[in-house]
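One structure is given below, encoded as structure tokens.
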Amino acid sequence: MSTVLVVVEHDRGVLADATREALTAGRAIAAASSATLEALTIGSAADGLTADLAAFGVDAVHQAHHEILTDYGPEAWGEVVAQAVRLLSPEVVLATGTDRGNEVLAQAAARLDLPMVANCTVLAGDELTRVRWGGSLLEQTKLVAPVRLLTIAHHAIEVAPSDSAGAPEHDVFVPDLDPALVRSVVRERGQRVAGITLSTAPVVVGGGRGVGSAEAFTPLEELAGLLGGVVGCSRAVTNNGWRNHTDQVGQTGTRIAPTVYLACGISGAIQHWVGAMAAKNIVAINIDPDANMVTKAGYAVIGDLHEVVPAISAEIRRRGG
Amino acid sequence: MSLRVLVSVKRVPAPGARINLTADGQEVDTAHLGFTTSPHEECAVEAAVQLVEAHGGTATVLTLGRPEAEEQLRYAVSVGITSAVLLPIEGPDWDPQRTACGIVTAIRQLESAEGRYDVILFGNESADSAGFQVGIRVAHALGRPMVNGAKGIEVADGMVHVRRPSDAGEEAYALPLPAVVGVKEGINLPRYPTMKGRLASKRGDVTRLDVTAEPGGQQLVRLFRPPERLSQTTILGNGPDAAPAVVDLLEDLGVLA
């Protein structure tokens, strides 16, 4: 019987959401090919995840234990995956399409001298579909390999627990790790920034080149404050030094998914659009009725953001009392 | 201690609002597009220049790509890179395994001639194909530690100290040199070329190294566009007079406190 192996992403025992996507995808592949669905957890901190994995119909959990696996390390984790592949001979190995998932599977692929396909959305036989240009293009790709190493594009698959959650078997697997691999294990941790962030804010007020200067973001800050949201920006803005890169929405910035995105003076180039397209509602404020952001948005105001944004804030205040 | 730094970059199309494809779906139609250095790698170039400014030494830029990629190499020289190496290929992009193999061959040649690179930088992933693996494969082949996603790099005490953000807070790594690091945009704000830099980049030599490598197991079949979300845009109004309509909408969507 063949095996589909899912590499469980976790942070010191806390399951990453994206792992549920990989498990959902893994269960579908296993069902289609009458394979068993197995999971690999790395580090004893993840031993407690068995119940979460069982909910996704995992048949067996392999728990890798080693003294250098106390925290995340791309090389050590990649080596564990490579050894698990040699030991278990799975047909397919799935990891998360996240920074860590892609990094670990690439480390494993390098060690196994196998191809790896990042950020897949559709998995059918040896033809796969994967994401390019942040999702604005798709690639149909052919994979020729004795073991297929794939990561699942984040947010591409709807998470679905199994109808028949069982009680998976679990075994401890002690990889043979070179102690030198501790060289790339996390050394220290900083504190998580408190409060709402760009990726979790219910409202984002975005500004583009049309804002014109760093100072001219003040009215956008004010509107974001009234709405309990945060300010975002396009790459043109960060390149001009008007705002910090941590505010950048886009392919090389943050992906946002707010209830409302107010896109002010943003033309809507691909680079920006792929970071904003998951917003549930988009209101474009732009002087150009033909701007890409206006034609793609559900709602638009045609006008100068420098007049429109303060008027919206004034209207909110007026209604507030 | 002066540093020898190598930075690997990729020439990519610079699309505007829409990416068009060639009729055979094999690549992006670049007939009306400019080209640029992939964004993360633009920041890797800046990081390389800053490392050499801080520690002394040399920074070399390398690309595996069509001969036109010389434009991106010269741009890197114009912002302060010391020397440039082109690994020319013809035809379509190489797959990730083949690309990594070609780059490893070139690095071994360059290192045996000129000495070891203390730090090799890559971009986190390329803007166009985004395979998330070339730098990692190169690092493994060279037996060097590698961390991707760097938003901070400093060299001290024979180590490269790397910071990267994560959902759980910032992570700090310390890799013993020689090491490989994948850089993410936001680590710095790349500088613009100076007039002096532009002149230097026009005069400077680009070293060409011919490398060969076998194709890997991943093969592009075709590119296509996902179904577009067709939206009818509701115009809420013109100018500041539209404010009440916008606030009505915000109320309907439940985002007004």
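All chains are named by letter (A, B, ...) in the order of the sequence lines, taking the proteins before the strands, and each is independently numbered beginning at 1.
- Identified by a heavy-atom distance below 4.5 Å to chain A, the contributing residues of residues 138-146 of chain B are His140(B), Gly143(B), Arg144(B), Pro145(B), Met146(B), in residue-number order.
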| said: If you apply the rule salt bridge (charged side-chain N to carboxylate O under 4.0 Å, His left out), what do you find for Asp99(A) with Arg164(B), and how did you get there? | reply: CA-CA 10 Å; Asp99(A) 283 351; Arg164(B) 82 173 187 190; over 6 Å; no
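- When each of Arg183(A), Glu307(A), Arg187(A) is checked for heavy-atom pairs under 4.5 Å with chain B, Arg183(A) comes out on top.
- Looking at Leu114(A), the atoms closer than 4.5 Å to chain B (heavy atoms on both sides) all sit in the backbone: N, CA, C or O.
- With a 4.5 Å cut-off on non-hydrogen atoms, Glu42(B) touches chain A through its side chain but not through its backbone.
- Of the residues considered (Pro96(B), Gly216(B), Gly237(B)), Gly237(B) shows the highest number of contacts with chain A, using heavy-atom pairs under 4.5 Å.
- Between Leu137(A) and Leu21(B) there is a side-chain heavy-atom pair separated by less than 4.5 Å.
- Using a 4.5 Å cut-off on side-chain heavy atoms (C-beta onward), Val147(B) and Glu103(A) make contact.
- At a threshold of 4.5 Å between non-hydrogen side-chain atoms, the residues Thr151(A) and Phe132(B) do not count as touching.
- Annotation for Leu220(B) and Arg132(A): closest pair CD1-NH2, 3.5 Å, computed over non-hydrogen atoms.
- Taking each heavy atom of Val308(A) and Pro240(B) in turn, the nearest pair found is CG2-N, 3.9 Å.
- Per-residue heavy-atom pair counts under 4.5 Å with chain B were compared for Gln248(A), Gln271(A), Arg235(A), and the maximum is reached by Arg235(A).
- If you measure heavy-atom distances from Thr238(A) to chain B, the contacts under 4.5 Å come from the backbone alone.
- Around CZ of Arg116(B), the count of heavy atoms belonging to other residues, nucleotides or ligands within 6.0 Å exceeds 12.
- With a threshold of 4.5 angstrom between heavy atoms, Thr129(A) approaches chain B through side-chain atoms but not through N, CA, C or O.
- Neither the backbone nor the side chain of Pro215(B) comes within contact range of chain A; no heavy atoms are under 4.5 Å apart.
- Counting all heavy atoms, side chain and backbone alike, Thr259(A) lies closest to Leu253(B) at CG2-O, 4.0 Å.
- When each of Ala242(B), Pro244(B), Gly131(B) is checked for heavy-atom pairs under 4.5 Å with chain A, Pro244(B) comes out on top.
- When each of Gln107(A), Arg111(A), Met116(A) is checked for a side-chain contact (heavy atoms from CB on, under 4.5 Å) with Arg137(B), only Met116(A) meets the rule.
- Counting non-hydrogen atoms of other residues, nucleotides and ligands closer than 6.0 Å to CG of Asp113(A) gives a total of 12 or fewer.
- The most heavy-atom pairs under 4.5 Å with chain B, out of Val117(A), Asp11(A), Leu105(A), come from Val117(A).
- Here the shortest heavy-atom pairing between Pro115(A) and Gly217(B) reads CG-CA, 3.8 Å.
- Considering only heavy-atom pairs separated by less than 4.5 Å from chain A, the leading option among Ala127(B), Ala100(B), Ala243(B) is Ala127(B).
- Side chains of Arg189(A) and Glu171(B) form a contact here, defined as non-hydrogen atoms less than 4.5 Å apart.
- Chain A forms more heavy-atom pairs under 4.5 Å with one residue of Glu125(B), Gln133(B), Gln218(B), Arg18(B) than with any other, namely Gln218(B).
- Per-residue counts of heavy-atom pairs under 4.5 Å with chain B were compared for Val283(A), Thr295(A), Asp304(A); the largest is that of Thr295(A).
- A pairwise comparison of heavy atoms in Ala118(A) and Ala130(B) identifies CB-O, 4.1 Å as the closest pair.
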| Intermediate values then yes/no, side chain to side chain contact (heavy atoms under 4.5 Å, CB included), Glu188(A) and Arg163(B) | CA-CA 9 Å; Glu188(A) 279 174 45; Arg163(B) 285 182 290 112; over 6 Å; no
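- Interface summary for chain A: among Asp128(B), Asn148(B), Leu223(B), the most heavy-atom pairs under 4.5 angstrom belong to Asp128(B).
- With chain B as the partner, the residue from Ser313(A), Ala300(A), Ala109(A), Gly303(A) showing the most heavy-atom pairs under 4.5 Å is Ala300(A).
- In this structure, no portion of Val14(A) lies under 4.5 Å from any heavy atom of chain B.
- Contacts with chain A were tallied for Leu175(B), Thr233(B), Val134(B), Val246(B); Thr233(B) has the most, counting heavy-atom pairs under 4.5 Å.
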| Working for salt bridge (charged side-chain N to carboxylate O under 4.0 Å, His left out), residues Asp248(B) and Arg319(A) | CA-CA 10 Å; Asp248(B) 287 347; Arg319(A) 294 192 195 186; 2.7 Å; yes
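- At a heavy-atom cut-off of under 4.5 Å, chain A is reached by Lys151(B), Met159(B) from residues 151-159 of chain B, listed in order of number.
- Taking all atoms of both residues into account, the shortest heavy-atom contact from Ile19(B) to Trp133(A) is CD1-CG, 3.4 Å.
- The choice from Val301(A), Thr252(A), Ile312(A) that makes the most heavy-atom pairs within less than 4.5 Å of chain B is Thr252(A).
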| task | Begin with the C-alpha distance, continue with both residues' side-chain angles, and end with the deciding distance and a verdict on side chain to side chain contact (heavy atoms under 4.5 Å, CB included) for Tyr299(A) and Leu249(B). | result | CA-CA 9 Å; Tyr299(A) 305 92; Leu249(B) 174 70; 3.6 Å; yes
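- Residue Glu75(A) touches chain B through its side chain alone, counting heavy-atom pairs closer than 4.5 Å.
- Within the 4.5 angstrom heavy-atom criterion, only side-chain atoms of Gln97(B), from C-beta onward, approach chain A.
- Contacts between Ile187(B) and chain A at a heavy-atom distance below 4.5 Å are absent for every atom of the residue.
- In this structure, chain A has no heavy atom under 4.5 Å from any part of Val162(B).
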